[in-house]
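Let me begin by presenting the structure, written as structure tokens, before commenting on it.
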Amino acid sequence: MIDLSVHQLALNFGGVRAVDGVTFSLHEGEIHGLIGPNGAGKTTTFNCVTGFYRPTGGTIRFREREITHLRPDQIARLGIARTFQNVQLFRSMSALDNILVAKHSQMRTGILAEALALRLVRRQERMARGEAEELMEFLGLMGIQRQTAGNLPLGSQKRLELGRALALEPKLLLLDEPASGLNTSETQVLAQLLLKIRDRFKLTVLLVEHDMGLMMNISDTITVLNFGRKIAEGTPRDVQNDPEVVKAYLGENSGAERR
Amino acid sequence: MKRLLSSAGALAGLIGLLVVLNGGAPTWAEDGVTDKEVIIGAGMDLTGAVANWGVNIKAGMEAVFDRVNDAGGVHGRKIKLIAYDHVYQPPKAVTNAKRLVERDKVFVMMGHLGTPTTKAIKEYLEEKQVPNIFPATLASMWTTSGKWHVGDLASYADQTWLIIDYLVNERKIKKIASFYQDDEYGLDGHLAGKARLKQYELAYVAEVDYKRADIDFSSQAAKLKESGAEAVIVQAVYREPPRLAEQCHAIGYYPQFIGPGPIVVNKTIELGGKHVEGLIGVEVYPLPTDPGPFLDLYRADMKKYFPGLPPDTTNLYGYQKAALFVEALQRTGRNLTRDSLLKSIESIKDWDPGWGLKYSYGGDNRRGMSRVGRLVMVKNGKWTKMSQWIELKEGGRR
Amino acid sequence: MVEILTSQVVSGLATGCVYALIALGFVLIFKATDVVNFAQGEFVMASGFISYTLLIRFELPYWLVFLATIALSGIMGVALERVVVRPIMTAPIFSIVIATIGASIVMRSSAGILYGYDVLPLPTIFSKDPIHWGVLNFTLMDAGVIGSSLVIMVVLYLFFKLTKTGTAMRATAQSQTAARLMGVSVGRIFSLTWAISAGIGGVAGVLIAPIIYLDPNLGFIGVKAFAGAILGGFGSIPGAIVGGMLLGILENLSGYFFNAGIKQVSTYILLILVLVVRPGGLFGAAPIRRV
């Protein structure tokens, strides 16, 4: 079954075609990599899927529902979560509160009920806290619940952001360079964690990453973009041997990308 | 060069046109006076800290002018009052005065409200030789400022003499404090009181000031209480005495509050409720509820022209000014100039509009009804007469 | 002497609590939307007139008037946000701030047209009679104002700390992007923030108007509260509360030890001194970014 289908996606920034007719789709339960040199349009694609950018052309469908023109919060509520290249936490809130904000989007209570502090509300709130703690334990974030998010080391911040995305109970998770800033052993731990997450939460993952090792290791399918266009798609092995891809990477300062 | 010539020609044509247009209407020697109209100006506080005074004085004056205009005006001229809002702020008063004199070309300034605000335009009016007629300020400076300024009623200084004499002689109170507005208004009575106390070999036991827009007087209340003053003279308007009384009572301090005319307003009672019971004020003209044909006319005019405004000391204050002004216009006749108007005001002697009190000018007297005052007190939520009319000493003639 | 001083502090604290409530309104809106709302004082003024109308003209019971005023003030806040601020939310911050100044002038003039510029007394349930309590000298009015303000502050604290919507509002204040991703409708949060800020302003209005009387210029009290917010560190909620309270007490004491002139400028002297030593204000970590 197809989870996400992006069809002929296009976005112009003042005459520059950041994304130019990109089409790809994600199957349920797969880890799908999106790669390409700098400026290929990966993050722009992410921003279109999550509603931060409004595409100038094409359609995006999520589980048969068109989401092309929905607001970010509406898309989030449909079950699409993401993380950012530069971590976007609520920096001066506690780690637990960060998770709770996400948990709350699952709660079906209005302001009025809250103002009256109804028992139902209080029970839901207690449940949310319990689940949040559980999630933090799964991610190895025990003991830092009360700490201010902005003060945590980068590795913990990244895991916390991942946890916050998971707390939304998404069906589709978009990860923007989850390994950036991590060392080799941390990256390996992350790879294991991502596979574990996919299996435990039964979700589909769309991944942008510069670390090719990680990409080739865990992706089921890889889509390659260059200058806003799709130039290749397939299994990691297929893509690696694709002459177009090799050209795209060698054509510019390849060293930085292939490291 | 050609262009310069043609524009000079255009300019000359324009000037010529203006001359012709101007020549078409009858010309009078003075600004603001035409065949059918006399335009007078005023600066009022219509939206600020003493707006209750401003709105009502303006209405009181207009009630007279409306009646006179309805009957055809004075010597064929209708009276038109242009009043701008200076919000009780001196800089705004200056701007407004310039607008009135230079753009609206008013004949005189009439009933200009407020001591600090009128003081601010004093020199400007003198320079432009625009008479300042019956300003709505009773500071003593208007008595001694020369030709261009004419007052109407007893000054705050004179009123404060009456207050001190009453407190010392009749109430046998020696511990007297002064609570005064820190400007020309508050200082007029404050300093006069100081001088009068000195003659009794006394002095204020406390002198505390406040600023025009202040709304909290708890520190003043504390200082007054500490001084042990048995009476506090409030050189203030209608907002401050209720609030001060409240804040004094809040710390268990109950002195006799007493003050000059500007506090004698129904608003003071409306704001202060039980906290202003027993407050004493000085009146320098009758209460709006007093008997007399002039006061009957006043009540009828207010009802007819301003049915929304109940009779109050504030609008009566403006009303008597306008009535006195109309009397002066009557006496001046058809040949109306600033000089002739000032001369006819000086000719007024023992003129009683119909309330048992008389206006007199002439000699060095530039206040028509300057020698009379009496005490009134808040009793059961109403300003009530405490004494008969008293001949005032000329204490304030500084 | 001690009694006088304590009474000065208590009545200063009462005024300071009202400053603190208004300052809170400023800070909440600023934190959530980066906008400094200069019509904040006008919420105070308008709610004074609303409660005056409900009490005098409709003769409703006081508690009902209190609640209705807060609600109506909140609605006014949402209206201002939707009509004036949201349509120009993409404009430079400076333009938005000017728009709020414009809104404040419109509100002030409307009140003047509807009610006139005369001062009106607003009834209150709190008595202004003195109470002696050891060295403490105060009135029920003071106690009522301080008590009501503290209750409002505690309720707000619990709301922000414990409820779903409160958490979402805190999150939005920190990162709109991330909050959106969490399914938070940022537009709704903005409206809610304005509603709460205006609602708090409404409480301030009902509390302060009986003390300093009601007139269309009542909103200028917002200037003092703004100074309080800066004193505490603009953008800091505890800063707004402490700054506002400190200002009220300081004003009273400076009036007591010096004269009316010093009292008038004491606020700004203290403000300058604090900003020289701590540019971010008492509780502010970083210098203010905008305005």
Side-chain angles (χ1 to χ4, degrees), chain B residues 45-56 85 87-88 179-183 186 207-226 237-240 242-243 245-254 265 267-275 308-309 314, chain C residues 1 3-12 14-15 18 108-109 111-113 116-123 127-132 137-142 208 210-218 220-221 224 248-249 251-266:
Chain B
D45 178 3
L46 301 174
T47 61
V50 298
N52 187 39
W53 273 104
V55 169
N56 278 290
D85 184 13
V87 205
Y88 204 33
F179 168 84
Y180 63 99
Q181 184 163 303
D182 182 23
D183 63 14
E207 303 174 31
V208 294
D209 61 345
Y210 73 91
K211 296 279 176 187
R212 276 197 290 281
D214 278 1
I215 43 180
D216 183 280
F217 308 116
S218 60
S219 44
Q220 284 91 339
K223 283 186 192 167
L224 291 170
K225 185 186 184 187
E226 278 190 319
V237 198
Y238 55 85
R239 265 175 110 114
E240 300 82 11
R243 181 89 174 111
E246 248 173 55
Q247 293 190 298
C248 284
H249 297 170
I251 52 173
Y253 174 50
Y254 297 86
V265 181
K267 201 81 205 175
T268 311
I269 302 169
E270 191 192 329
L271 294 176
K274 65 176 181 179
H275 293 280
L309 291 175
T314 47
Chain C
M1 176 70 187
E3 283 187 22
I4 295 270
L5 269 184
T6 54
S7 77
Q8 290 295 291
V9 171
V10 173
S11 75
T15 320
V18 174
R108 197 154 57 237
S109 310
I113 291 163
Y117 285 90
D118 230 353
V119 277
L120 298 169
L122 182 65
S127 145
K128 295 175 183 174
D129 292 333
I131 292 174
H132 300 274
N137 249 327
F138 59 95
T139 62
L140 264 186
M141 184 81 226
D142 290 337
I208 196 76
I211 302 183
I212 62 176
Y213 313 130
L214 184 56
D215 76 76
N217 297 319
L218 180 63
F220 284 117
I221 193 175
K224 287 266 180 65
I249 296 172
E251 266 191 325
N252 259 18
L253 291 182
S254 66
Y256 175 70
F257 286 112
F258 307 104
N259 61 19
I262 302 279
K263 176 178 176 174
Q264 199 175 36
V265 297
S266 62

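This one's a predicted model, so the numbers in the text were calculated from it and none came from an experiment. Just so we're on the same page: letters track the sequence lines, and every chain starts at 1.
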Choice from B:Ile251, B:Asp182, B:Asp209, B:Asp214 maximising heavy atom contacts with chain C below 4.5 Å
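Maximum pair count with chain C is reached by B:Asp209.
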
Chain C interface, residue from B:Ala221, B:Pro242, B:Gly273, B:Gly54 that has the most non-hydrogen pairs under 4.5 Å:
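Ranked by heavy-atom pairs under 4.5 Å with chain C, first place is B:Pro242.
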
Chain C contact via [X] - which portion, at a heavy-atom distance below 4.5 Å:
{"X": "B:Gln247", "value": "neither"}
{"X": "B:Asp216", "value": "both"}
{"X": "B:Lys211", "value": "both"}

Give, as side chain, backbone, both or neither, the part of [X] having an atom under 4.5 angstrom from any heavy atom of chain B.
{"X": "C:Asn259", "result": "both"}
{"X": "C:Asp215", "result": "side chain"}
{"X": "C:Ser127", "result": "neither"}
{"X": "C:Phe138", "result": "backbone"}

What pairs with B:Ile215 under side chain to side chain contact (heavy atoms under 4.5 Å, CB included), at least two apart in sequence or on another chain?
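So B:Ile215 forms a side chain to side chain contact (heavy atoms under 4.5 Å, CB included) with B:Arg239, C:Ile212.
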
Sort out for me which residue in B:Leu46, B:Asp45, B:Asp85, B:Thr47 forms a side-chain contact (heavy atoms from CB on, under 4.5 Å) with C:Tyr117.
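The side-chain contact (heavy atoms from CB on, under 4.5 Å) with C:Tyr117 is passed solely by B:Thr47 among B:Leu46, B:Asp45, B:Asp85, B:Thr47.
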
How would you list, by chain and number, every residue that makes a side chain to side chain donor-acceptor pair (under 3.5 Å) with B:Gln181, sequence neighbours excluded?
B:Tyr88, B:Asp183, B:Tyr210

Determine whether B:Glu226 and C:Tyr256 make a side-chain contact, defined as any pair of heavy atoms from C-beta on separated by less than 4.5 Å.
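In short, these two side chains touch, coming nearer than 4.5 Å.
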
